[in-house]
Amino acid sequence: MTDATETRTPDGRPAGSDLSAQYQPGEVEQRRYETWVSAGYFTADPKSDKPPFSIVIPPPNVTGSLHIGHALDHTIQDTLTRLKRMQGYEVLWLPGMDHAGIATQNVVERQLGSQRLSRHDLGREAFVERVWQWKAESGGAILGQMRRLGDSVDWTRERFTMDDGLSRAVQTIFKRLYDDELIYRAERIINWCPRCLTALSDIEVEHSEDDGELISIRYGDGAMAIVVATTRAETMLGDTAVAVHPDDERYRHLVGTEVELPLTGRRIPIVADEHVDPSFGTGAVKVTPAHDPNDFEIGQRHHLPSLTIMDERAVVTVPGPFEGLDRYEARPAIVDALREQGRIVAEKRPYQHAVGHCSRCKTAVEPRLSLQWFVDTGPLAKAAGDAVRDGRVAIEPVELAKRYFAWVDNMHDWCISRQLWWGHRIPVWYGPDGEVVCVGPDEQPPAGEGWRQDEDVLDTWFSSALWPFSTMGWPERTPDLERFYPTSVLVTGYDILFFWVARMMMFGLYAMDGVQPFNVVALHGMVRDGHGKKMSKSFGNVVDPLDWIDRYGADATRFTLARGANPGSDVPISEEWCQGSRNFCNKLWNATRFALMNGATVAGDLPAESELNAVDRWILSRLQHVVAEVDEHFAGYEFAKVCDVLYHFAWDDVCDWYVELSKPVLSAGGPEADNTRRVLGHVLDQLLRLLHPVIPFVTDELWTVLTRAETVTIAAWPTVDPARIDDAAEEELVALQKVVTEVRRFRSDQGLRPGQRVSAALTGLGNVGIDVHETLIRSLARLDAPGPEFAATATLAVTGGVTVDLDTRGTIDVAAERARLLKDRAAAEKEAVQCRAKLDNAAFVGKAPEPVVAKIKDRLAAAEADLARIAAALEALPSA
RNA sequence: GGGCGCGUAGCUCAGUGGGAGAGCACUCGCCUUACAAGCGAGGGGUCGCAGGUUCGAAACCUGCCGCGCCCACCA
């Protein structure tokens, strides 16, 4: 096979007719990408006069490799940035990666685990060094994947959440928030992962319905006894009260008294609290302030002591028979002990209830009283909500804004300290006498005996929240920041609307004095398999983007993803669809090959409208509509619709009709052929530009061969030329296509081979203004002109007053033809009946808009005309 | 428990007030000199169910059934 690159014209580009018959993406993609980067097309210039367009990439975690979800996310961003580049914007797409604190630390700890080592064996410094090594390896792989995808990112501006600049930004904003009293340290109930041994924020906790056991336990004895229900019997060791609702008549006499807590000998008070739901269980709640967030609040209201009964690994620390038991061992042990005392009143099993799990390791979270750092989200979340409410930030699709509001309007304070080693260390120092000093980026930490820095690091999302401006050099007022902030659009999945988007809004508005981090949030869905199922390793339906890129090309992979991407909706993909996308790329390849073999040109202006034949005018008119539709759909982030419009224009209009119609013109030669070469070149030129944002590689390869220009990457985006919209030509072509299709249908029904010539007389073409196209119609329908011995043996009634009489002596299948005509007659009759019924309806004629009524009348007339011709054709048919 | 969304062809989905569509799959016929990763033709749907609004409903309203997602401190 001859590859496109093996034969080249003297200027180094492949010659058109030397393109191979099949597109081979591998070599093209590698060569194209190197060209783009070395030419600097992706490097943004803050001093440019062009209007700015900027996107910061949602930084992938350094730990992983890019999965198909990233491929979708990147495809959308790359499509937008390439579109804007062509539209004349100064585009910055800023790449980078996230240090992904807990996730990365887990990965490296697992690696150490295989060598029977723990992070403590290495010590903090050596461990962090080890993580940096891992980051270098893993991160490099991700950058390679981005190149394979074709990401037009500005590689000169690549950032990492742990690099010096971003660490400085983290420290700066921490200090500012601290000084503004929006960061505080407090002892609170937090979500604790007993495996990762760290605090978690609310969003790092996933809830799931687990089977448990609801047990009713009698506290106290005799008349003063009270029964409480719990799913977590082991926490009773830490109970410091029983709570009932103040209005609950059953327990009113007990409020203010004390009961003995079984197994402990302690006496605890019975308190009245509004929080208790009298209708649930027994209406009495055991209160464990140190191990339940509700109970903690009840405890605060009633000044109850908090008894911590488990350590950080959720092992019981209360001296006695249960000491040293894990929480799940302690639970049955305690239930057994209570049962022996006859205190178990009822057991309900299984009992479904929601349990929180660590989003990283799936271990059940243990609510735990702990001293941690928090962000006071009140004013920040308010501002984040208002920015969307007042329209400064648009969320696409708008329906997802409701979820956003539900989140920011009910946000709890954000626990930001993590008991990890990998991350930004909290810039707070503690003095020997209890001093607390928050250290800014340009300040020296306090020196002297006894001072030590906080051991904890910040939640990963703390630095992620600064991403839109920290990557541009904040806190300095850099040219990039002046020029490219706020970013134009944030492209990400709806799954991290809360994790990330809401936090960027909070910190962006705060740090940038009320200027939002982005103007638009364009949310896409999750990639799913061909049956709409979630991709998961255990299900075996995971698609590796590199695998598809290797086998079908990056363009095919991107087109498959973009074809399913509408705002907020999930994107189903399958290998068959990727093959279809590959076929589409190949179709473009061959269309261009045809054009080049036939001398299509793109030089100079197009011939005037008046000089062109109807077919040329038609395809140019269609092109204008396509450009308008593509613009409209891009503006709404409806990539699936963009792809649909271009797919059908390219395949149906250009390839199946225009190219076929142009063949007889081109082979005839003369000035009309010259015009067609110009129009064909122009249409392909424009089509390749329109497709370039979505499928950059094949379009650039073809466009440069076609136009002899440098690259389509920085070519101008097509605009609508209203002068080229030609309704008359479009109507003509619709009529022409109808005639051709009708004849083809006849031929197919009759089992005629494509090469088999049939003589035919065409009449009535003038009725629909296509008499000038008779030669074309004969060419496409493979009809010969009637000779001297012509005798019509079959008649085709084409809607619109066109009749085709065919001489099919010796070939016609009378039964097939009769069946076809009967079928047509049935359809026409049904149509006529429907139209008459409508027109007989006085209410319809009276109330429906005039054009609607007129349309029905036209349809009726057409149906009646069809019926007449079909009747005549049936009559003329030889009897079997 | 609260909220959001979805049920249209075998599959995945467009269509949101006036003739039921696409891709893939399927059937038939073709190597017709750009492309068999192709070309031509075709079959296939009481638009989840039941009411209502309207001259007219797949679309708007109400209820029901089924499915999915998000949020969630009733022990």
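Small disclaimer: the values here were computed from a predicted structure and weren't measured. Residue numbers start from 1 in every chain, and the chains themselves are labelled A, B, ... in the order their sequence lines are given, proteins ahead of strands.
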Review point. What distance, rounded to whole Å, do you find between the two C1' atoms, one in G66(B) and one in U8(B)?
Key: 16 Å
Exercise for review: Rounded to whole angstrom, note down the P distance from C11(B) over to C4(B).
Suggested key: 29 Å
Exercise for review: Measure up the Y647(A) and F584(A) rings against each other and bin them: parallel (under 30°), tilted (30 to 60°), perpendicular (over 60°).
Suggested key: tilted
Exercise for review: Using whole Å, report how far CG of L497(A) lies from C1' of C71(B).
Suggested key: 12 Å
Check your understanding: Less than 3.5 Å between a donor and an acceptor, one on the side chain of Q22(A) and one on the base of A37(B), is that the case here?
Key -> yes
Practice item. Taking atom types as modelled, find out whether N583(A) and Y23(A) have a side-chain donor-acceptor pair closer than 3.5 angstrom. Key: no
Point to revise | Presence of donor-acceptor pair under 3.5 Å, side chain of R859(A) and base of G19(B) | key: yes
Review point. Using a distance-only test with no angle check, is there a side-chain donor-acceptor pair under 3.5 angstrom linking S20(A) and Q22(A)?
Key: no
Exercise for review: With the side chain of R744(A) defined as its heavy atoms from C-beta on, choose the nearest nucleotide among A41(B), A72(B), G19(B).
Suggested key: A41(B)
Exercise for review: Please state how far atom CZ in F499(A) lies from atom C1' in C71(B), giving the value in whole angstrom units.
Suggested key: 12 Å
Check your understanding: Any luck finding a side-chain donor-acceptor pair between D273(A) and H302(A) under 3.5 Å?
Key -> yes
Exercise for review: Answer with base, sugar-phosphate or nothing: what part of the nucleic acid does S574(A) contact at a heavy-atom distance below 4.0 Å?
Suggested key: nothing
Check your understanding: In whole Å, what separates the P atom of C6(B) from that of A59(B)?
Key -> 13 Å
Practice item. Tell me yes or no: between the side chains of T560(A) and S581(A), is some donor less than 3.5 Å from an acceptor? Key: yes
Check your understanding: If only side-chain N and O atoms of N583(A) are considered, is one of them under 4.0 Å from the OP1 or OP2 phosphate oxygen of G38(B)?
Key -> yes
**Study point:** G19(B) to A58(B) separation - P atoms, rounded to the nearest Å
**Key:** 10 Å
**Study point:** More than 12 heavy atoms from other groups under 6.0 Å of CZ on R250(A)
**Key:** yes
Practice item. Ignoring backbone atoms, test whether W651(A) places a side-chain nitrogen or oxygen under 4.0 Å from the OP1 or OP2 oxygen of A37(B). Key: no
Exercise for review: Could you please spell out the steps behind the side chain to side chain contact (heavy atoms under 4.5 Å, CB included) verdict for F639(A) and R563(A)?
Suggested key: CA-CA 6 Å; F639(A) 303 98; R563(A) 236 177 150 179; over 6 Å; no
Exercise for review: Give a yes/no answer on whether the side chain of K641(A) brings an N or O atom under 4.0 Å of OP1 or OP2 in G15(B).
Suggested key: yes
Review point. Mind checking who U46(B) pairs with, Watson-Crick or G-U wobble, both distances under 3.5 Å?
Key: none
Review point. Within less than 4.0 Å of OP1 or OP2 of A34(B), is there a side-chain N or O belonging to K663(A)?
Key: yes
Check your understanding: Atom CG of D248(A) to atom C1' of A75(B): distance rounded to whole Å?
Key -> 15 Å
Exercise for review: For A848(A), report the nucleic acid contact type (base, sugar-phosphate, nothing); a contact means any heavy atom under 4.0 Å.
Suggested key: base
Check your understanding: Does Y351(A) make a side-chain N or O approach to OP1 or OP2 of A75(B) shorter than 4.0 Å?
Key -> yes
Review point. Which is true for C655(A) with a 4.0 Å heavy-atom rule: it touches a base, it touches only sugar-phosphate, or it touches nothing?
Key: base
Review point. Do E234(A) and R331(A) meet the salt-bridge criterion of a basic N to acidic O distance under 4.0 Å?
Key: yes
Review point. Taking CG from L561(A) and C1' from C13(B), how many angstroms apart are they, rounded to a whole number?
Key: 16 Å
Exercise for review: Classify the side chain of R582(A) and the base of A37(B) as holding, or not holding, a donor-acceptor pair under 3.5 Å.
Suggested key: yes
Practice item. Give D277(A) one of three labels, base, sugar-phosphate or nothing, depending on what nucleic acid heavy atoms sit under 4.0 Å from its own. Key: base
Practice item. May I ask which nucleotide in the shown strands pairs with A41(B), Watson-Crick or G-U wobble, both distances under 3.5 Å? Key: U27(B)
Point to revise | Euclidean distance for P, A20(B) against C47(B) (whole angstrom) | key: 11 Å
Practice item. Grab the CD-P distance between Q834(A) and G18(B) for me, whole Å please. Key: 16 Å
Review point. V228(A) near the nucleic acid: base, sugar-phosphate alone, or nothing, with a heavy-atom cut-off under 4.0 Å?
Key: nothing
Point to revise | Side-chain donor/acceptor contact of K587(A) with base of C35(B) under 3.5 Å | key: yes
Practice item. Rounded to the nearest angstrom, tell me the gap between atom CG in N586(A) and atom P in C39(B). Key: 10 Å
Check your understanding: Considering only the C1' atoms, how many Å lie between U54(B) and G45(B), rounded to the nearest integer?
Key -> 25 Å
Check your understanding: Once you round it to whole Å, what is the distance between C1' of A72(B) and CZ of F280(A)?
Key -> 15 Å
Check your understanding: Across the strands shown, which category fits R232(A) at heavy-atom distances under 4.0 angstrom: base, sugar-phosphate, nothing?
Key -> nothing
Practice item. Kindly indicate whether the side chain of E831(A) and the base of G19(B) share any N or O donor-acceptor pair separated by less than 3.5 Å? Key: yes
Revision key, fill the gap. Taken to the nearest whole Å, CZ/F559(A) to P/A37(B) is 19 Å
Review point. Contact class for P849(A) vs. all strands (heavy atom < 4.0 Å): base, sugar-phosphate, or nothing?
Key: base
Check your understanding: Contact class for G751(A) (heavy atom, under 4.0 Å): base, sugar-phosphate, or nothing?
Key -> nothing
Check your understanding: If the P atom of A57(B) is compared with that of G10(B), how far apart are they to the nearest Å?
Key -> 24 Å
Practice item. Considering just the side-chain nitrogens and oxygens of K857(A), establish if one lies under 4.0 Å of OP1 or OP2 belonging to G18(B). Key: no
Point to revise | Span that lies between the C1' atom of C13(B) and that of A50(B), in whole angstrom | key: 26 Å
